[in-house]
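Just so it is clear, the structure is predicted and the values come from calculations on it, not from any experiment.
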Amino acid sequence: MPAISAATERQFLSTVAPCIPDLRRYAVSLTRNRADADDLIQETLLRAALKLHLWQPGSNIVAWLIVMMRRLHLSKFVTGKRNQTEMVSIEGWDLPSPPNQTDTIELRELEDRWPTLSRSHRDVLRLVAINGASYEEASEHLQVPIGTIRSRLARARTALRGEDRAVH
């Protein structure tokens, strides 16, 4: 990077300072957020200072800065947002709570009903409901048609809920 004369630097700074309000308006229109707009302005001015050797004195500095800002926004703030984590306050979390009495009773009833299921019902429940296999995977593993997987799963779930009576 070629050395920049002090005169060129002073001229750049005196030229950039009046552009900041225009840059701020454009940054807010891009980001729709004041904090992100301030970050974008800072990144743009930093990039402009690093790329000062590319600026031609006498050219339209506002256009040069806006093009730089738009490219930064697109590369960092738009495509980069997909990979950024978002801060969530702890008040927004669903914290685990100890099981209540009803949950404990329902779990015991489920444990009591599990051995009463046929082996084919237990197998399909274990594959699909517990291990998360797709119907197709369960069909291949158990070597039965997908329709059989669906009906066994429905009957097994009904039996586990204690709804053994036929539904008409």
Side-chain angles (χ1 to χ4, degrees), residues 19-51 62-168:
C19 301
I20 292 177
D22 292 329
L23 293 176
R24 176 163 279 116
R25 279 191 298 277
Y26 187 62
V28 169
S29 75
L30 287 174
T31 62
R32 307 280 185 218
N33 178 312
R34 265 219 178 307
D36 287 343
D38 289 341
D39 290 344
L40 184 57
I41 292 166
Q42 185 176 4
E43 287 286 326
T44 302
L45 294 177
L46 177 63
R47 174 78 53 93
L50 293 173
K51 303 288 183 177
V62 175
W64 186 65
L65 292 169
I66 284 181
V67 167
M68 193 178 300
M69 179 181 285
R70 185 172 186 278
R71 288 181 180 162
L72 275 169
H73 173 70
L74 290 174
S75 67
K76 187 170 188 171
F77 293 95
V78 175
T79 58
K81 285 254 188 218
R82 286 183 239 139
N83 298 323
Q84 290 180 352
T85 57
E86 184 178 330
M87 297 296 289
V88 177
S89 68
I90 195 156
E91 290 81 28
W93 290 9
D94 288 332
L95 297 175
S97 59
N100 60 29
Q101 191 172 15
T102 306
D103 292 340
T104 304
I105 291 169
E106 288 174 355
L107 185 59
R108 283 191 187 138
E109 289 174 353
L110 180 69
E111 288 173 344
D112 291 342
R113 289 185 188 125
W114 185 263
T116 65
L117 296 176
S118 69
R119 180 184 172 113
S120 61
H121 287 167
R122 286 194 309 264
D123 288 345
V124 75
L125 276 171
R126 191 175 292 114
L127 282 171
V128 176
I130 297 172
N131 294 336
S134 68
Y135 289 173
E136 290 81 12
E137 292 168 339
S139 172
E140 288 175 19
H141 183 70
L142 297 175
Q143 299 178 351
V144 295
I146 291 177
T148 303
I149 295 295
R150 289 185 178 131
S151 63
R152 283 183 188 172
L153 192 57
R155 286 194 305 266
R157 287 177 172 161
T158 300
L160 280 179
R161 285 192 298 265
E163 302 169 0
D164 292 332
R165 62 187 181 277
V167 178
H168 299 292

**Message:** Set out, in order, the CA-CA distance, both residues' side-chain angles and the distance that settles salt bridge (charged side-chain N to carboxylate O under 4.0 Å, His left out) for Arg119 and Asp123, then state yes or no.
**Reply:** CA-CA 6 Å; Arg119 180 184 172 113; Asp123 288 345; 3.6 Å; yes
**Fill in**
Output for pair (Ser29 OG, His73 NE2), nearest 0.5 Å, gives 8.5 Å
**Request:** Return the minimal non-hydrogen interatomic distance between Ala27 and Ile41, and the atom names on each side.
**Result:** CB-CG1, 3.8 Å
**Message:** Does any part of the side chain of Leu107, heavy atoms only, come nearer than 4.5 Å to the side chain of Asp103, both counted from C-beta?
**Reply:** no
**Complete:** Between Pro115 and Arg122 the two heavy atoms that sit nearest each other are O-NH1, 3.5 Å
**Distance in Å, Leu46 CG paired with Met68 CE, rounded so as to fall on 0.5 Å steps** = 10.0 Å
**Message:** Has Asn33 got a side-chain atom pairing as donor or acceptor with Ala35's backbone, closer than 3.5 angstrom?
**Reply:** yes
**Message:** Please find the pair of heavy atoms, one from Arg113 and one from Ala159, that lie closest to each other, and give the distance.
**Reply:** CD-O, 3.4 Å
**Message:** If you compare all heavy atoms of Ala156 against all heavy atoms of Leu125, which two are closest, and at what distance to 0.1 Å?
**Reply:** CB-CD1, 3.5 Å
**Residue pair Leu23 / Leu45, side-chain heavy-atom distance below 4.5 Å** = yes
**Prompt:** Between Leu117 and His121, what is the shortest heavy-atom contact and its length?
**Reply:** CB-CB, 4.2 Å
**Message:** Please determine whether the number of non-hydrogen atoms from other residues, nucleotides or ligands lying under 6.0 Å from atom CZ of Arg161 exceeds 12.
**Reply:** yes
**Request:** Looking only at non-hydrogen atoms, find the nearest pair between Ser139 and Pro145 and report the distance.
**Result:** OG-C, 3.8 Å
**Complete:** CD1 of Ile66 to CH2 of Trp64, rounded to nearest 0.5 Å, is 13.0 Å
**Request:** Return yes when atom CZ of Arg126 has more than 12 non-hydrogen atoms of other residues, nucleotides or ligands closer than 6.0 Å, and no otherwise.
**Result:** yes
**Prompt:** Considering residues, nucleotides and ligands other than Glu109, do more than 12 of their heavy atoms fall under 6.0 Å from its CD?
**Reply:** yes
**Request:** Could you tell me the separation between the CE atom of Met69 and the CD atom of Glu43, rounded to the nearest 0.5 Å?
**Result:** 10.5 Å
**Over 12 foreign heavy atoms within 6.0 Å of CZ, Arg24** = no
**Message:** Any heavy-atom pair between the side chains of Leu65 and Tyr26 that's under 4.5 Å?
**Reply:** no
**Complete:** Separation between CD (Glu111) and CZ (Arg108), nearest 0.5 Å, reads 8.0 Å
**Request:** For Thr44 and Leu40, indicate whether the former's side chain and the latter's backbone hold a donor-acceptor pair under 3.5 Å.
**Result:** yes
**Separation between OG of Ser134 and CD1 of Ile146, rounded to the nearest 0.5 Å** = 7.5 Å
